[in-house]
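For reference, positions follow the sequence shown, starting with 1. In listed order, ligands and their atoms are each counted from 1.
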Amino acid sequence: MTEATFIPKSYKNTLDHGSVSFKAPSNIALVKYWGKYGEQLPKNASISFTLSNCFTKTQLSFQKKEIQEFDFEVYLDGKREEGFEPKILKFFERVEVYLPFLKTYSFKIETSNSFPHSSGIASSASGMSALACCLVEMEKRMSKNLSTALEETKQKASFLARLGSGSACRSIEGDLIVWGAHEHIEGSSNLFGIKYPYVVHDNFKNYQDTILLVDKGEKQVSSTVGHNLMHEHPFAAQRFKQANDNLSKLIPILENGRLSEFIKIVEQEALSLHAMMLTSEPGFILMKPNTLEIINRIWTFRKETNSNVCFTLDAGANVHVLYPEGEKVSVLNFIKTELKPFCKNGEFIVDMTGSGAVPL
Ligand code: DP6
């Protein structure tokens with residue numbers, strides 16, 4: 001399959017005005033995407049859990065117009081947010097060839113997140129996923145074939161979301177999504193995310209993710225800058241190989257449910273991601289002292305109690321604490337008593353795996 005698959009031939013219906021709304025979740029990568037090429041193509045395959053409680057709701061209102069220019073306004077929680085508009089403009093420019101109607105409408109994009117904007121949780125994955133879903137729904141209403149197969153719709157939404165933000169293509173469906181062509185994963189593609197196609201052990205059902213908000217500030221390094229630093233990175237080739245190898249190793253683990261092996265890979269991925277940032281030119285330290293405190297306490301707790309709790313990290317200081325549903329009571333208790341003091345204002349978000357974007 002190539003990009004050309006996503007270029008529509010013609011539309012049957014014209015929409016004069018209307019609106020579409022979607023709710024789309026965030027996701028947390030187990031094997032990380034860090035390094036890209038071409039137009040938003042990943043240097044290695046990645047896999048993530050789709051989340052449930054961290055999501056973006058977006059309403060896209062549209063009005064047909066004459067002037068053939070992009071025309072849109074973005075609102076966050078009811079207030080105009082011009083700061084988001086350059087990113088959306090770039091997104092519209094990238095996807096126009098796949099959505100040729102874009103310049104013939106005035107759009108109002110009204111969005112809100114379930115998590116505070118300043119929480120340090122990236123809203124780009126859920127936000128771009130929600131917007132892509134709205135646009136695909138709009139296109140569907142214009143199409144000859146109103147009953148466009150659900151599979152095709154989801155694939156196009158993921159394809160478009162990727163052009164807005166790479167990891168967003170993993171936020172259309174749940175609960176375990178692979179993005180990036182991988183030799184051992186049938187159907188995997190650099191162009192869009194797919195549902196993990198093999199057997200998954202019950203140990204991973206409703207997997208828990210409690211997000212500890214260690215640092216709620218603006219990102220120190222944007223993901224675009226971070227990904228670009230991988231171009232000249234001395235360890236880049238090794239890192240891309242490590243990620244693809246880790247994904248290969250996860251296949252039997254996801255089937256047999258061996259949590260101790262799962263933990264080794266997930267934590268190595270988080271530390272390796274940060275190692276890339278530490279050793280790039282210039283280097284970045286995105287962990288905070290409290291991030292390290294939390295990691296050490298998770299390790300001690302695991303050793304002392306035989307728990308299967310582990311951590312992963314995004315490109316920031318917050319810690320995602322991952323654990324099986326069966327350990328919910330004990331791990332939440334541990335978080336409240338031992339880890340909460342290391343969170344900014346004691347804040348954390350209790351989340352778990354979820355099933356993807358839905359229309360509202
Ligand atoms: C560390 O998807 O935010 O979260 O494609 O430039 O928008 P862009 O990058 P982005 O990068 C996410 C990186 C990560 C790892 C991951 O989610 O796989």
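For the 3.5 Å distance criterion, the side chains of T210 and Y323 qualify, holding a donor opposite an acceptor.
Note on residues 299-323: pairs passing salt bridge (charged side-chain N to carboxylate O under 4.0 Å, His left out), not counting sequence neighbours, are E267-R302.
With ligand atoms numbered from 1 in the order given, ligand 1 contributes 1 (C), 13 (C) to contacts under 4.0 Å with heavy atoms of W34. For ligand 1, the atoms lying closer than 4.0 Å to a non-hydrogen atom of D314 are 4 (O). Here is the list of ligand 1 atoms found below 4.0 Å of a heavy atom in R170: 16 (C), 17 (O), 18 (O). Each of the following atoms of ligand 1 lies closer than 4.0 Å to a heavy atom of K36: 5 (O), 6 (O), 8 (P). For ligand 1, the atoms closer than 4.0 angstrom to any heavy atom of L273 are 1 (C). Here is the list of ligand 1 atoms found below 4.0 Å of a heavy atom in A29: 16 (C), 17 (O), 18 (O). Under a 4.0 Å criterion applied to the non-hydrogen atoms of S223, ligand 1 contributes the atoms 3 (O), 6 (O), 7 (O), 8 (P), 9 (O), 10 (P), 11 (O). Of all atoms in ligand 1, numbered sequentially from 1 with element shown, those under 4.0 Å from a heavy atom of G166 are 2 (O), 5 (O), 7 (O), 8 (P).
Residue-to-ligand polar distances place H227 within reach of ligand 1: an N/O pair is separated by less than 3.5 Å. Considering backbone and side-chain atoms alike, S165 places an N or O below 3.5 Å from some N or O of ligand 1. Note: no N/O pair closer than 3.5 Å links N27 and ligand 1 by distance alone.
No option in F72, F92, F101 other than F92 meets the ring-ring contact (aromatic ring centres under 6.0 Å, His included) test with F107.
Aromatic ring orientation, F235 versus H233: tilted (interplanar angle from 30° to 60°).
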Original post:
Would H227 and Y33 count as a ring pair (Phe, Tyr, Trp, His ring centres under 6.0 Å) if you check the C-alpha gap in whole Å, the side-chain angles of each, and the deciding distance to 0.1 Å?
Top reply: CA-CA 9 Å; H227 286 288; Y33 147 60; 4.3 Å; yes
Atom pairs and distances, side-chain donor-acceptor, residues 345-360, under 3.5 Å, sequence neighbours left out:
unit_1 : atom_1 : unit_2 : atom_2 : d
E347   : OE2    : K216   : NZ     : 2.8
D351   : OD1    : S52    : N      : 3.1
D351   : OD1    : N53    : N      : 2.6
D351   : OD2    : N53    : N      : 3.1
D351   : OD2    : C54    : N      : 2.9
T353   : OG1    : Y207   : N      : 3.4

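At a heavy-atom distance under 4.0 Å, no atom of S46 approaches ligand 1.
Within a 6.0 Å sphere centred on NE2 of H17, other residues, nucleotides and ligands contribute 12 heavy atoms or fewer. Within a 6.0 Å sphere centred on CZ of R94, other residues, nucleotides and ligands contribute more than 12 heavy atoms.
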